[in-house]
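The structure under discussion appears below in the form of structure tokens.
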Number of protein chains: 2
Amino acid sequence: MPRLPEVNPVKRMGMASDFDTAMCPVRNVLDHISTKWTPLILLTLQAGPLRFSQLHKQVPDISKRMLTQSLRDLERDGLLSRKVFPTKPPSVEYELTALGASVMLPLGALVDWADKNFEKIKLSRQAFDQDNEAA
Amino acid sequence: MPRLPEVNPVKRMGMASDFDTAMCPVRNVLDHISTKWTPLILLTLQAGPLRFSQLHKQVPDISKRMLTQSLRDLERDGLLSRKVFPTKPPSVEYELTALGASVMLPLGALVDWADKNFEKIKLSRQAFDQDNEAA
DNA sequence: CAGGATCCTATTGGATACTG
DNA sequence: CAGTATCCAATAGGATCCTG
């Protein structure tokens with residue numbers, strides 16, 4: 001997903017642009033929600049507001065760089081709020097907004113689905129890989 | 001997302017592995033469902049089975065390469081079936097499985113959410129970008 | 001503490017050409 | 001038709017160092 005300057009890259013110039021991806025909510029919204037990290041972050045914040053370092057500990061394996069970037073994306077989309085407390089050293093608290101909380105309904109359902117069907121999927125993968133051992 | 005050999009890359013050796021990502025359904029399942037293309041493909045197949053070329057036309061902008069790869073992934077996870085008809089030239093039909101159909105409930109809800117909140121999100125982005133024009 | 005900046009590697013993914 | 005193979009450009013993302 002591109003960062004801030006959301007341009008519409010029409011690759012095949014002169015071909016009378018076929019489809020405006022910037023107009024498509026599925027692409028435009030889901031691309032931000034369904035990255036490697038965002039579901040984990042949103043899920044973690046569902047229990048309540050957390051500071052940067054707390055999040056860093058609770059989301060396994062994420063780097064500071066990606067955490068910062070993901071948090072900025074989510075803040076920009078209005079899914080969470082960022083409050084800076086002028087302590088020294090500063091502390092910053094992240095919290096789901098109403099919009100962010102609202103996405104957790106469908107997103108939570110998807111996570112539940114993943115939980116319930118994980119075994120089934122692993123079996124399917126095994127079977128598929130065995131069939132393709134004609135390599 | 002890695003292809004077939006799903007190994008667990010423990011980067012910091014000797015550090016007593018902290019977290020097994022292969023055990024986490026959110027990572028393991030959602031990473032496959034929430035890519036750039038999979039939601040579009042599943043959504044398209046919801047209306048009924050389609051052949052490769054039909055899918056290629058109906059999913060905007062996807063390349064043959066990525067379509068093939070995404071279809072393989074979804075087949076491996078058991079979300080869709082692939083039926084080859086021995087015609088000449090061959091035709092191949094893709095269809096949602098029961099499992100694939102079942103994921104469309106939460107996934108469809110997420111898409112609906114994206115639709116409903118797209119405007120709100122675009123406004124939030126505008127506001128955010130304007131505030132940050134202190135660059 | 002919460003990041004920003006930089007560097008560098010790995011992965012993603014498009015374009016193109018070829019095949020049963 | 002439905003891919004596979006190859007090459008190459010763009011992006012993601014980790015590691016490290018620096019700062020108010």
Side-chain angles (χ1 to χ4, degrees), chain A residues 1-13 15 18-19 21 27 31-32 34-38 40-41 49-75 80 82-94 132 134-135, chain B residues 1-7 9-13 15 18 21 27 31-32 34-38 40-41 49-75 80 82-94 132 134-135:
Chain A
M1 137 196 25
R3 296 290 299 154
L4 295 187
E6 200 126 325
V7 285
N8 182 16
V10 179
K11 291 136 257 168
R12 301 166 308 218
M13 289 289 287
M15 266 241 182
D18 32 335
F19 181 77
T21 80
R27 303 277 273 267
D31 275 10
H32 285 47
S34 68
T35 67
K36 187 174 181 182
W37 302 113
T38 17
L40 281 314
I41 294 173
L50 284 176
R51 292 176 50 188
F52 186 85
S53 47
Q54 311 289 347
L55 262 172
H56 196 16
K57 275 170 206 156
Q58 294 200 31
V59 178
D61 270 348
I62 196 171
S63 67
K64 260 172 34 165
R65 191 180 176 280
M66 287 320 294
L67 181 55
T68 305
Q69 222 173 81
S70 308
L71 287 171
R72 282 298 166 289
D73 266 342
L74 290 170
E75 186 195 358
L80 53 81
R82 175 175 178 273
K83 258 165 254 160
V84 184
F85 296 95
T87 56
K88 233 199 290 206
S91 61
V92 180
E93 202 179 75
Y94 293 93
N132 290 39
Chain B
M1 138 192 29
R3 297 291 298 155
L4 295 188
E6 201 127 323
V7 284
V10 179
K11 289 137 256 164
R12 301 167 309 222
M13 290 288 287
M15 267 240 179
D18 33 336
T21 80
R27 302 277 273 269
D31 275 9
H32 286 46
S34 67
T35 67
K36 186 173 181 183
W37 302 115
T38 17
L40 281 315
I41 293 174
L50 283 177
R51 292 177 50 187
F52 186 88
S53 48
Q54 311 289 345
L55 262 172
H56 196 16
K57 275 170 206 156
Q58 295 200 30
V59 178
D61 271 347
I62 195 171
S63 66
K64 258 173 30 165
R65 190 179 177 283
M66 288 320 294
L67 181 54
T68 305
Q69 224 174 81
S70 309
L71 287 171
R72 283 297 168 286
D73 266 343
L74 290 171
E75 187 195 356
L80 54 80
R82 176 176 179 271
K83 259 164 250 159
V84 184
F85 295 95
T87 56
K88 232 196 296 205
S91 60
V92 179
E93 202 178 76
Y94 293 93
N132 291 37

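Residue numbers begin at 1 in each chain, while the letters A, B, ... track the order of the sequences.
As rounded to whole Å, 6 Å separates atom P of D:dG14 from atom NZ of A:K36. Distance A:K88 NZ to D:dT19 C1': 14 Å, rounded to the nearest Å. Between A:L71 atom CG and C:dA2 atom P there is a gap of 11 Å when expressed in whole angstrom units. Here the C1' atom of nucleotide C:dT12 and the NE2 atom of B:H32 are 15 Å apart, to the nearest Å. Atom pair A:R72:CZ and C:dG3:C1' shows a separation of 8 Å (rounding to whole Å applied). We find that CD1 of B:I62 is positioned 13 Å from P of D:dG3, with the value rounded to whole Å. In this structure, CZ of A:F52 is placed 15 Å from C1' of D:dG20, rounded to the nearest angstrom. Across the protein-nucleic acid pair, B:M66 atom CE and C:dT16 atom C1' stand 17 Å apart, rounded to whole Å.
Not one side-chain nitrogen or oxygen of B:R65 sits closer than 4.0 Å to the OP1 or OP2 atom of D:dT6. In this model, the phosphate group of C:dC1 is not approached by any side-chain N or O of A:S53 to a distance below 4.0 Å at OP1 or OP2. Neither OP1 nor OP2 of D:dA2 sits under 4.0 Å from any side-chain N or O of B:S91. Of the side-chain N and O atoms in A:R82, none sit less than 4.0 angstrom from OP1 or OP2 of C:dA2. B:R51 has a side-chain polar atom (N or O) that falls below the 4.0 Å cut-off from OP1 or OP2 of D:dA2.
Remark: A:L80 CG to A:R72 CZ distance equals 9.5 Å, nearest 0.5 Å. Atom OG of A:S70 and atom CD of A:E75 lie 12.5 Å apart (nearest 0.5 Å).
Residue B:K64 is in base contact, counting any heavy-atom pair closer than 4.0 Å across all strands shown. Contacts of B:Y94 with the nucleic acid, taken as non-hydrogen atoms under 4.0 Å apart, involve only primed sugar atoms and P, OP1 or OP2.
Along DNA chain C, the nucleotide closest to A:E93 and the one closest to B:W37 are compared, and the more 5′ of them pairs with A:E93.
Of all heavy-atom pairs spanning A:R51 and A:P90, the tightest one is NH2-O, 4.5 Å. The minimum heavy-atom distance linking A:R82 with A:V92 is given by the pair CG-CG1, 3.6 Å.
A side chain to side chain contact (heavy atoms under 4.5 Å, CB included) with B:Y94 is found for exactly one of B:I41, B:L71, B:L67, namely B:L71.
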